[in-house]
Amino acid sequence: MKQNRAILLFLLLLAAAVAAFTQAQSDIIIRLTGGARKAVALPDFRGAGASAQFADLFNRTVFEDVERSGVFTMAPKSFYPLNPPQTDRDLRTPAGAQKDCGGRCLPDWAGAPVNADYLGFGYLAEQGGQLVAFGNFFNTRAADPAGARVFTKLYTGELSEAGARKIAHEYAADILAQFGVPSLVGTKIYFVSDRQGKGTKEIWVMDFDGSNQRRITHFNSISTMPSVSPDGRRLAFTTYAKGQPQIMMYSTETGRFIPFRNSAAPTNAQASFTPDGRHVLYASSVSGYMQIYIADLDGSNPRRLTNTRAIEAEPKVNPKTGLDIVFVSGRGGLQQIYRMNMDGADVERLTNGEGEASNPAWHPEGRHIAFAWTRGYAPGNWNLFVMDVASKETVQLTFGQGRNENPSWAPDGRHLAFCSNRTGSYQIFTMLADGTGVRQLTTEGNNWMPVWSK
Amino acid sequence: MKRMLKPRHVAIGLLSLLLLFFAAGCKKKQPAPPPPPPPPPAKEEPKPAAAVIRSFVAEPSTITRGQTSTLRWNVENASEVVIDQGIGSVPARGERSVSPVETTTYRMTARSAGGDAVAAVTVTVTTPPPPPPPPPKAKASLSERIAKEVQDIFFDYDKSEIREDARATLQRNVEALKAILNDFPSASILIEGHCDERGSAEYNLGLGDRRANATKEFLVQLGVPADRLKTISYGKERPFCTESNESCWQLNRRAHFVGVE
């Protein structure tokens, strides 16, 4: 008992330290991740009959989805009461001086040591050959069980692993929706892989959680630098399939290539879309130096936006306003991140000139960019940063664990996918915008340049 | 009937004989007739001579494949002379050129009523020795020429300016490139721009492009025809060396020459 208390004390101190750290964090992170988090408890659903075999998968999926959202802190499972409710009818109001109903009273969850603000509970069953989940979500701080209900809902899916995953994602999405957090279920991450053969790079795609990885291109060449249109229907990338690097356009709906007119230049690369989906920005060396151009969606009517004798690369249009472009330029020496208007005017350097900066990626709300920077490290040792474009204030998200490049915002604006060689090979990871909750999504071969798309 | 006639036949025969005898006895005395000729030999004709193969030779008896040998023969007393291996009937004396692809034995059969004769001659065929190595090519291939005569140049980090050492290299390359382009009138030279791993892949695509282009511009100024020079940037996609140290990085910051036929 004494030992338990010591552990408890230690954990409380740890929690306090974490809270202090969180408070010391930048305003940027608080704006992006919502600041202080609610604590949630998610006791395991148990399954009746044929549904029992899918309970573990269901529970794991719900827990990961909710934890990954970054909206909550997850109350430590080992502190959960032993007898959690399975239906709303199991909940009781504590009688008189009773302090502990073993999990059947909400204060069991609201009080120490669980300290959960919310409780998700329920059970699985088989009904008419289908897998059903009875999911509840309750506010533990409410005065009585009746007023504590946030929602109670029935979920139905196939009696299979896929069905279990589906209804778990739906239940988790409903929990997140209570806090205005869009679910990432259904979003995709495009990326580049060499797993099909060393020396080749092909474009691949996977679900947001790393499942369903499949190959898109089959050029047996170098195909890289993917980018997806705002509606998710078009994929542009740069390929050596025809010799010199050129831009190719692909329909994610039909699985067919769409004609794209490349300028007569040794290099046409790094296409990205305007938020209205009607124009493409790209980098082309038609003038002898790689410069930034804007053209129609099919590559026609190209217009030059930069005019320097330096390398200009990676143009990205503000997805919210469609009014300004961030890009990378070597005009001042080593590569830095700049901003300009859509017509190429009002150029402004965003990074302060230290180190090298690359891979700018707009946050969906158009106020921040994530990017890679070598500031404070040797050339080539990239770390990820987030910048408030208006104030140029930056926050560092990775700290020298390998090279960390190519950040891409999730549609929820709370998560980032990125590429890192921290495990020894290049792999795709996701994390919350405050740098926590890092998850590795790929393991096979090397994988680079994730692009998170809806 | 026969039995009835028979005694009469006999009687006529006897009568005829008597008459003949009588008539003869009535003739005047004449000289004795010559003795009858000797009986013919017992139905046997005179035996013909047996066939004789006087000679049957192949000259030369050993050839290398593709050469010919001459078969010569002389046969006597033969009614027919046949050589196998598809040659067939031949005159008693003659010669024939043969060119077998492998060692072959020719069998001659000379037929005669007096007796057949058989002879055989073998022409040994040896395999020709493997051909001598082809004479050294008058011209090395395009890629061999470039590998031997044209040197890559190297760059400083994040730079596409042609360094002093690279200028000297390019000046040497100019004469070689002109000669090669002259010897291969339809060929062109592809200049690949490469970068080390440290800059971003996106920026390096532009840097490799710039390095290849700067190299091309330098060569064109020295008289290499521009329309025979193409450029491609590999950025950091195709490194020559994959370690993370300066000597390796330097090897990757280069312009590399490739022939395109």
Contact class of [X] relative to chain B, heavy atoms under 4.5 angstrom:
{"X": "A:Leu334", "answer": "both"}
{"X": "A:Asn359", "answer": "side chain"}
{"X": "A:Thr374", "answer": "neither"}
{"X": "A:Trp382", "answer": "side chain"}

What closest approach, in Å, do [X] and [Y] show between heavy atoms, and which atom pair accounts for it?
{"X": "B:Ile232", "Y": "A:Gly243", "answer": "CD1-O, 3.5 Å"}
{"X": "B:Leu205", "Y": "A:Ala269", "answer": "CD2-CB, 3.5 Å"}
{"X": "A:Pro379", "Y": "B:Arg198", "answer": "O-CD, 3.5 Å"}
{"X": "A:Gly288", "Y": "B:Arg210", "answer": "O-NH1, 2.9 Å"}
{"X": "A:Met225", "Y": "B:Ala201", "answer": "CE-O, 3.7 Å"}

ask   = Would the number of heavy atoms belonging to other residues, nucleotides or ligands and lying under 6.0 Å from CZ of A:Arg303 be above 12?
value = no
Check: B:Tyr203 and A:Glu314 side chains under 4.5 Å, non-hydrogen atoms = no
query = Would you say the side chains of A:Gln335 and B:Ser200 form a donor-acceptor pair under 3.5 Å?
reply = yes
task = Compute whether any side-chain donor of one residue and acceptor of the other, for B:Asp209 and A:Gln244, lie under 3.5 angstrom apart.
result = no
query = Out of curiosity, B:Asn213 CG to A:Thr267 OG1, how far, rounded to the nearest 0.5 Å?
reply = 9.5 Å
task = Report the C-alpha separation of A:Arg403 and B:Glu197 in whole Å, then their side-chain angles, then the decisive distance to 0.1 Å, and conclude whether the salt bridge (Lys or Arg N to Asp or Glu O under 4.0 Å) test is met.
result = CA-CA 11 Å; A:Arg403 298 171 179 166; B:Glu197 63 174 350; 3.1 Å; yes
key: Residues B:Glu202, A:Glu405; criterion side-chain contact (heavy atoms from CB on, under 4.5 Å); working and verdict   = CA-CA 11 Å; B:Glu202 295 85 355; A:Glu405 296 174 76; 5.7 Å; no
